[in-house]
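A short write-up of the structure that comes next.
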Amino acid sequence: MSQDTQQPPILSLKGRFNRLTFLGWNCLLLIANLLIGLIFISFMPNTIEAIFKNPNSLVVQAVFILPNIVFFAFTILFSIKRLHDFNFTGWMSLLLLIPFVNFFFVIFLIFIPGSTTYNNYGEPRDTQTWESILAAILILLFIIILLAFGGAILSLLTLSS
């Protein structure tokens, strides 16, 4: 990428995300989500109990749902930028709203490489070092979760036989 090419701001619907940038920003989003959850639990220790006792309470629903709406909006934004890397329209990010399809759509966004040259959405964006580190952390986390899940299934299978 030439040095005179300025990338659009991260929170803009313009621009592109390659695979590592996409994973890095999603890892940052996951960390933020976990931190906000820890803050809720720390400063409002009865929140979890209140959610189970009063699931229809407007306050409980607001505390539980509003942050998730914000995080989902960021997920849509990052998906739009990732789709731009394929030279696809951002409207395809609405596939995230369709159950089961969304799983395969995310797999597509993670594993299929985007275009390496200029396209309708601009120049490829260089991945920052911190984005690569967060992407590696997220990949390792997924591997650990898959291994733990696979181990749990194997232990259930051996117990049942």
Side-chain angles (χ1 to χ4, degrees), residues 7-114 121-122 125 127-153 155-156:
Q7 290 293 313
I10 293 298
L11 298 180
S12 164
L13 290 175
K14 297 179 187 321
R16 299 165 55 174
F17 272 6
N18 60 33
R19 289 181 286 184
L20 286 178
T21 301
F22 178 73
L23 287 172
W25 279 94
N26 276 293
C27 185
L28 186 64
L29 191 60
L30 176 65
I31 291 168
N33 200 349
L34 291 173
L35 286 175
I36 288 177
L38 288 174
I39 290 170
F40 280 144
I41 290 170
S42 297
F43 291 109
M44 301 166 56
N46 298 327
T47 303
I48 302 298
E49 185 179 334
I51 288 171
F52 288 115
K53 285 186 177 179
N54 307 311
N56 296 326
S57 163
L58 186 60
V59 172
V60 169
Q61 288 180 1
V63 165
F64 185 68
I65 293 174
L66 287 178
N68 288 306
I69 291 172
V70 171
F71 289 121
F72 187 70
F74 279 109
T75 300
I76 293 285
L77 171 70
F78 300 156
S79 297
I80 289 170
K81 290 172 106 51
R82 180 71 183 118
L83 286 164
H84 287 172
D85 201 42
F86 300 110
N87 207 25
F88 293 162
T89 178
W91 286 104
M92 287 181 64
S93 65
L94 294 177
L95 291 172
L96 288 169
L97 298 171
I98 303 172
F100 301 112
V101 171
N102 57 6
F103 173 77
F104 296 104
F105 180 64
V106 169
I107 296 296
F108 168 78
L109 292 177
I110 292 171
F111 288 105
I112 305 300
Y121 299 97
R125 182 178 182 282
T127 301
Q128 304 297 313
T129 304
W130 68 268
E131 292 169 340
S132 296
I133 292 168
L134 286 178
I137 291 170
L138 191 60
I139 291 167
L140 285 173
L141 183 63
F142 280 139
I143 290 170
I144 291 168
I145 289 170
L146 285 174
L147 290 174
F149 185 69
I153 289 176
S155 66
L156 285 174

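Note that this is a predicted model, so its numbers are computed, not measured. Residues: numbered from 1 along the sequence shown.
For Trp130, the CH2 atom counts as densely surrounded, since its 6.0 Å shell holds more than 12 non-hydrogen atoms of other residues, nucleotides or ligands. The local environment of CZ in Phe74 is sparse, with at most 12 non-hydrogen atoms from other residues, nucleotides or ligands closer than 6.0 Å.
Counting all heavy atoms, side chain and backbone alike, Arg19 lies closest to Ile112 at CD-O, 3.7 Å. Considering every non-hydrogen atom in both Ala152 and Ser155, the closest pair reads O-OG, 2.8 Å. The heavy-atom pair separating Ile80 from Gly90 by the smallest distance is CG1-O, 3.6 Å.
In this structure, Thr89 and Tyr121 have side chains that are in contact, with non-hydrogen atoms separated by less than 4.5 Å. At a threshold of 4.5 Å between non-hydrogen side-chain atoms, the residues Ile139 and Phe142 do not count as touching. Counting only heavy atoms from C-beta outward, the side chains of Ile98 and Phe104 never approach each other to under 4.5 Å. Residues Leu77 and Leu13 meet the side-chain proximity criterion, which asks for heavy atoms closer than 4.5 Å. In this structure the side chain of Lys81 never reaches within 4.5 angstrom of the side chain of Phe22, judged on heavy atoms. Ile137 is not listed as a side-chain neighbour of Ile31, based on a closest heavy-atom distance of 4.5 Å or more.
To the nearest 0.5 Å, atom CG of residue Leu35 and atom CG of residue Leu30 are 9.5 Å apart. For the atom pair CG of Leu83 and CZ of Arg16, the computed distance is 12.0 Å after rounding to the nearest 0.5 Å. Taken from CD in Gln7 to NZ in Lys14, the straight-line distance is 13.0 Å, to the nearest 0.5 Å. Put simply, OG on Ser79 and CZ on Phe72 are 8.0 Å apart, with the number rounded to the nearest 0.5 Å. Rounding to the nearest 0.5 Å places CG of Leu138 at 14.0 Å from CD1 of Ile133. Between the CG atom of Asn33 and the CG atom of Asn26 there is a distance of 11.5 Å, given to the nearest 0.5 Å.
Ring pair Phe108/Phe105 is parallel by interplanar angle, where below 30° counts as parallel and above 60° as perpendicular.
Without hydrogens or angle criteria, Arg125 side chain to Asn18 main chain gives no donor-acceptor distance under 3.5 Å.
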